[in-house]
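Presented below is the structure to which this report refers.
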Amino acid sequence: MPSEPKSRTGSSATSLGTESPSGGQSGDNTAKSDGLDAFLERWKTVASDVEGTLISAIDRLGDDCPARLREAISYSLLAPGKRLRPILCVFACEAVGGDAHAALGPAAALEMIHCYSLIHDDLPAMDDDELRRGRPTCHIQFDEATAILAGDALQPLAFETILRSPLPPQAAAESCLALAEAAGSEGMVGGQMDDLLAEKRDTATMALDEQKRWLDAIHRRKTGAMIAASVLMGGIAGGATPQQRTALGLYGRAIGIAFQIVDDLLDVESTAENTGKATGKDSVRGKLTFPTVYGIPASREQARQWVSQAIDAVEPFGEAAFPLKRLAQYILDRSN
Ligand code: GRG
């Protein structure tokens, strides 16, 4: 679950803080809190439904799955993450008039791919982290080989979960394609590769323009692609029209960048206690980040502008877009 945003209204990119969940305007503080409380409550309910789908997928693993592998998968997959990608998927499905249940399979699949990426990212060969979601990372709790295999196993399990879900065959195929594209060599894995390559380069000697190009290209794929796919897959599950898919695409890309900027800011400004993972590592590793390239105030301003663009993109959905707008605001205000 997300923790309460730092400010309920303070850094609002738009007038969202004065909207009620039904989209009505109000200047009164109770209405603002009601909107936030209802939003957080909905987040909790959807997260719990998604966790039900994750548990069912683990329970379906038969006796041929070694107990240690099942244990490592459960340990990481059911650890207390925010479930941001599944939530985006379900909210996008509902924004286009779909039933939340139709999005649960794709939502769980997104969390599985995300979880595998975290397990592998934490390995000594990559970020070498010992803390994730407030717990020892998978390779610390088990061992490196088990962590690699748990991550490997989560990838086919994700596609299996979509294909076993009640989605019609065409929607299931489109959903699998969107996930494969986002997670693969031209998406998350490609972004991760370039992130690691950038660490080996002396980025300080790069011209500022080149630093900005690398930063954009890395994060658009490493983090942004999966976030944009979460929104698109929700649209697919909800039967979005081509126009609705375009709007969701704009929204997804904008919050993807905003999410990464805020993540970089949290690495500088927050603590491991707050985020459940090590902080302050980016500068030690010489990573290209938004604060190092643009500075902290300009990074925060950029995040605010991306969130504002995201909110504008889903305006055509009217009241049904309220949760997506709130989510965009949460991404800006989040503290973990
Ligand atoms: C290993 C192929 C491969 C890819 C790794 C996702 C990723 C790519 C690396 C994670 C490193 C990192 C901290 C990226 C910044 C953004 C990000 C994905 C943060 C973690 O996502 P949250 O905040 O995590 O949604 P929870 O735990 O809440 O699900």
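Side-chain atoms are counted along with the backbone in the values below, which use heavy atoms only and exclude waters and symmetry mates. Keep in mind that what you see is a predicted model, and the values were worked out from it rather than measured. Indexing begins at 1, ligand by ligand and atom by atom, following the structure's order.
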> For ligand 1, which atoms, with element, lie under 4.0 Å from some heavy atom of Gly81?
Replying inline: 27 (O), 28 (O)
>> With a heavy-atom distance limit of 4.0 Å, tell me whether His114 approaches ligand 1 through its side chain, its backbone, both, or neither.
In response: side chain
> Heavy atom under 4.0 Å from ligand 1: found in Lys82's side chain, backbone, both, or neither?
Replying inline: both
> Numbering the atoms of ligand 1 from 1, which are under 4.0 Å from a heavy atom of His120?
Replying inline: 1 (C)
> Looking at atom 6 (C) of ligand 1, what's its closest protein heavy atom, distance included?
Replying inline: Ser117 OG, 3.3 Å
> Does the Ser175 side chain pair with the main chain of Ala172, one donor and one acceptor, at a distance under 3.5 Å?
Replying inline: no
> Less than 3.5 Å between some nitrogen or oxygen of Arg83 and one of ligand 1, yes or no?
Replying inline: no
> Who's the nearest protein heavy-atom neighbour of atom 14 (C) of ligand 1, and how far?
Replying inline: Lys222 CE, 3.8 Å
> Considering only the protein, which heavy-atom contact is closest to atom 13 (C) of ligand 1, and what is its distance?
Replying inline: Lys277 NZ, 3.7 Å
> What do we get for Asp121 next to ligand 1 when only non-hydrogen atoms under 4.0 Å count, side chain, backbone, both or neither?
Replying inline: both
> With the 4.5 Å side-chain cut-off for hydrophobic clustering, are Ile218 and Val293 part of the same group?
Replying inline: yes
> Are any of the side-chain nitrogens in Asp263 or Arg334 under 4.0 Å away from the carboxylate oxygens of its partner?
Replying inline: yes
> Going by an N to O cut-off under 4.0 Å, is there a salt bridge joining Glu301 and Arg304?
Replying inline: yes
> What orientation do Phe142 and Tyr75 show, parallel under 30°, tilted 30 to 60°, or perpendicular over 60°?
Replying inline: perpendicular
>> Return the CZ to CG distance between Arg135 and Leu131, rounded to the nearest 0.5 Å.
In response: 11.0 Å
>> Give me the residue, atom name and distance of the protein heavy atom closest to atom 15 (C) of ligand 1.
In response: Asp263 OD2, 3.3 Å
> In terms of ring plane angle, is the pair His120 and Tyr116 parallel, tilted or perpendicular, where the classes change at 30° and 60°?
Replying inline: perpendicular
> Of all the non-hydrogen atoms in the protein, which one sits nearest to atom 17 (C) of ligand 1, and at what distance?
Replying inline: Phe259 CE2, 3.8 Å
> Identify the closest protein heavy atom to atom 8 (C) of ligand 1: which residue and atom is it, and at what distance?
Replying inline: Gln192 OE1, 3.5 Å
> What atoms of ligand 1 come closer than 4.0 angstrom to any heavy atom of Tyr116?
Replying inline: 2 (C)
>> If we count only N and O atoms by modelled type, under 3.5 Å, do the side chains of Gln305 and Gln309 hold a donor and an acceptor together?
In response: no
> Judging by distance only, is a nitrogen or oxygen of Arg133 under 3.5 angstrom from one on ligand 1?
Replying inline: yes
>> For atom 25 (O) of ligand 1, what is the closest protein heavy atom, and at what distance to 0.1 Å?
In response: Arg85 NH1, 2.8 Å
> Near Val189, which atoms of ligand 1 are under 4.0 Å from a heavy atom of that residue?
Replying inline: 2 (C)
> In a check of side chain to side chain contact (heavy atoms under 4.5 Å, CB included) between Tyr251 and each of Asp312, Leu88, Ile227, Leu232, which one passes?
Replying inline: Leu88
> Applying a 4.0 Å heavy-atom criterion (strictly less than), which segment of Gln260 is in contact with ligand 1: side chain, backbone, both, or neither?
Replying inline: side chain
> So which heavy atom on Glu269 is nearest to which on Arg300, and how close?
Replying inline: OE1-NH2, 3.6 Å
>> Within this structure, what is the CG-CZ distance for the pair Leu265 and Phe290, rounded to the nearest 0.5 Å?
In response: 9.5 Å
